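Have a look at the structure below before the remarks.
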Amino acid sequence: MRRANRLVGRTLAELARHIKPGVNTLQLDKIAGEFIRDHGAIPTFKNFPNPYGGPFPANICTSVNEVVVHGIPSAKTVLREGDIISIDCGTLLDGFNGDSCYTFCVGEVSEEVRHLLSTTYEALYLGIEEAVAGNHIGDIGSAVQDHCEAQGYGVVRELTGHGIGRKMHEDPMVPNYGRRGNGTRLKAGMCIAIEPMITMGNKAISLLPDRWSVCTRDGKPAAHYEHTIAIRQGKAEILSSFDEIENIVGKINQ
């Protein structure tokens with residue numbers, strides 16, 4: 001699990017080197033697919049089944065501005081100065097899955113957008129702090145929800161984090177909202193993906209005609225960060241990593 005997740009972090013770091021105005025998201029998808037395969041793994045998002053339509057056609061999800069998650073890479077989607085792009089990436093390596101997401105700035109973004117990203121990033125780590133053996137899934141969601149809603153942001157309800165292991169999506173679901181003490185009790189050895197999906201405006205979302213991309217109904221931007229973690233008796237172990245990414249782009253909350 002560590003190896004699969006560290007590869008996701010390295011893939012996102014490789015993409016960080018190419019994110020700039022004028023680059024299209026299909027170019028990023030090609031870079032990611034080649035990088036993952038060159039390191040002996042399989043991009044798990046490619047051909048992932050969809051209950052609403054056809055399988056996912058790309059190696060990564062590239063969600064720009066108001067697209068919350070599951071954006072499909074396209075030569076027509078060209079990054080512009082001031083955009084944000086959330087890149088969600090998964091790998092299958094030696095039978096185990098890695099999954100992580102990072103929201104990148106394209107050039108200089110507004111202070112308003114940076115605050116959204118910083119708050120979402122902080123919420124991820126607040127959720128991870130609650131992910132210890134003996135706590136409940138609701139403790140994670142409550143930490144994320146309280147932090148983001150205190151800043152006036154929307155917390156998406158329809159999409160959640162998840163268990164992860166030999167399959168990309170396993171039980172339990174890990175919502176970004178909840179009540180402390182509620183939900184599945186966490187046990188040492190469980191692996192879960194925590195992934196706040198936070199909107200600048202209303203939490204309402206819509207599914208676009210491609211049957212994959214999920215966007216905010218009010219057209220305001222959304223941020224998405226994700227780590228895969230292992231539950232321990234004490235502090236959770238973060239299996240994925242933002243270290244290499246942030247060596248390139250810096251930390252959003254600094």
Side-chain angles (χ1 to χ4, degrees), residues 5-39 41 43-46 56-91 98-122 124 195-201 208 210 212-216 219-227 240-254:
N5 279 282
R6 291 303 167 88
L7 178 56
V8 174
R10 292 169 62 197
T11 304
L12 292 172
E14 180 65 22
L15 294 173
R17 297 184 175 95
H18 299 273
I19 294 171
K20 59 184 178 180
V23 171
N24 69 61
T25 54
L26 190 60
Q27 290 173 291
L28 298 176
D29 182 72
K30 182 179 179 182
I31 292 166
E34 290 179 352
F35 190 88
I36 292 167
R37 292 184 180 92
D38 285 348
H39 287 83
T44 44
F45 294 178
K46 181 77 170 179
F56 194 74
N59 300 298
I60 55 174
C61 298
T62 53
S63 305
V64 179
N65 296 333
E66 74 278 6
V67 180
V68 184
V69 289
H70 304 160
I72 299 175
S74 168
K76 295 180 180 179
T77 305
V78 179
L79 299 180
R80 300 172 299 177
E81 182 80 18
D83 284 346
I84 56 173
I85 176 171
S86 299
I87 301 183
D88 198 350
C89 178
T91 64
D99 190 12
S100 184
C101 179
Y102 199 91
T103 302
F104 298 89
C105 299
V106 183
E108 294 296 322
V109 304
S110 70
E111 284 302 314
E112 185 180 27
V113 169
R114 285 191 69 87
H115 191 264
L116 169 67
L117 269 56
S118 178
T119 301
T120 307
Y121 184 99
E122 291 162 0
L124 169 62
E195 47 181 321
M197 290 160 271
I198 308 301
T199 65
M200 184 176 285
L208 294 182
D210 65 23
W212 275 104
S213 305
V214 175
C215 69
T216 60
K220 293 184 178 180
H224 178 201
Y225 292 93
E226 176 183 17
H227 270 316
S240 47
S241 176
F242 292 160
D243 290 348
E244 290 187 52
I245 300 168
E246 291 171 347
N247 284 339
I248 298 167
V249 302
K251 285 191 175 183
I252 192 66
N253 64 339
Q254 289 184 342

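Please read these numbers as outputs of a predicted model, since none were measured by experiment. Below, all heavy atoms of this structure are taken into account, side chains as well, without hydrogens, waters or symmetry copies.
- To the nearest 0.5 angstrom, Asp29 atom CG is 7.0 Å from Lys46 atom NZ.
- Between Ser240 and Glu226, the shortest heavy-atom contact is OG-O, 4.4 Å.
- Not a single donor-acceptor pair under 3.5 Å links the side chain of Ser86 to the backbone N or O of Ala223.
- Contact of the Phe242 side chain with the Lys251 side chain is not registered, since no non-hydrogen atoms from C-beta on lie closer than 4.5 Å.
- We find the OH-CD1 distance between Tyr121 and Ile252 to be 9.5 Å, quoted to the nearest 0.5 Å.
- Here the side chain of Ser100 pairs no donor or acceptor atom with the backbone of His227 at under 3.5 angstrom.
- Leu116 CG to Ser110 OG: the interatomic distance, rounded to the nearest 0.5 Å, is 9.0 Å.
- At least one donor-acceptor pair under 3.5 Å links the side chain of Thr25 to the backbone N or O of Ser74.
- The backbone N or O of Pro196 sits nowhere less than 3.5 Å from a side-chain atom of Tyr225 that would complete a donor-acceptor pair.
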Check against side chain to side chain contact (heavy atoms under 4.5 Å, CB included), Phe56 and Ile72: CA-CA 8 Å; Phe56 194 74; Ile72 299 175; 3.7 Å; yes
Steps toward side chain to side chain contact (heavy atoms under 4.5 Å, CB included) verdict (Asp99, Phe45): CA-CA 10 Å; Asp99 190 12; Phe45 294 178; 3.7 Å; yes
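- Here the side chains of Ile19 and Val249 are not in contact, with every heavy-atom distance at 4.5 Å or above.
- Looking at heavy atoms from C-beta onward, Ile60 lies in side-chain contact with Leu15 at the 4.5 angstrom threshold.
- Note that CZ of Arg17 is 10.5 Å distant from CD1 of Ile245, once rounded to the nearest 0.5 Å.
- Minimum interatomic distance between Ile31 and Glu14 (heavy atoms only, all atoms of both residues): CG2-CG, 4.0 Å.
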Residues Phe104, Leu28; criterion side chain to side chain contact (heavy atoms under 4.5 Å, CB included); working and verdict: CA-CA 13 Å; Phe104 298 89; Leu28 298 176; over 6 Å; no
Criterion side chain to side chain contact (heavy atoms under 4.5 Å, CB included) on Arg37 and Asn59, from CA distance to verdict: CA-CA 10 Å; Arg37 292 184 180 92; Asn59 300 298; 3.3 Å; yes
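- Between Thr62 and Ile87, the shortest heavy-atom distance links the atoms CG2-CG1, 4.5 Å.
- Closest of all the heavy-atom pairs between Thr11 and Cys89 is CG2-SG, 4.0 Å.
- Shown here for Gly90 and Ile36, the closest heavy-atom pair between the two residues is O-CD1, 4.2 Å.
- Under the 3.5 Å distance criterion, the side-chain polar atoms of Asn65 are matched with a main-chain donor or acceptor of Ile84.
- One finds the CG atom of Asp88 at 6.0 Å from the CD atom of Glu195 (value rounded to the nearest 0.5 Å).
- Annotation for Thr103 and His224: closest pair OG1-O, 2.7 Å, computed over non-hydrogen atoms.
- Atom OG1 of Thr119 sits about 4.0 Å away from atom NE2 of His115, to the nearest 0.5 Å.
- Of the possible polar contacts, one joining the Ser63 side chain to the Gly71 backbone as a donor-acceptor pair under 3.5 Å is found.
- Asn24 and Gln27 share a donor-acceptor pair across their side chains, judged by distance under 3.5 Å alone.
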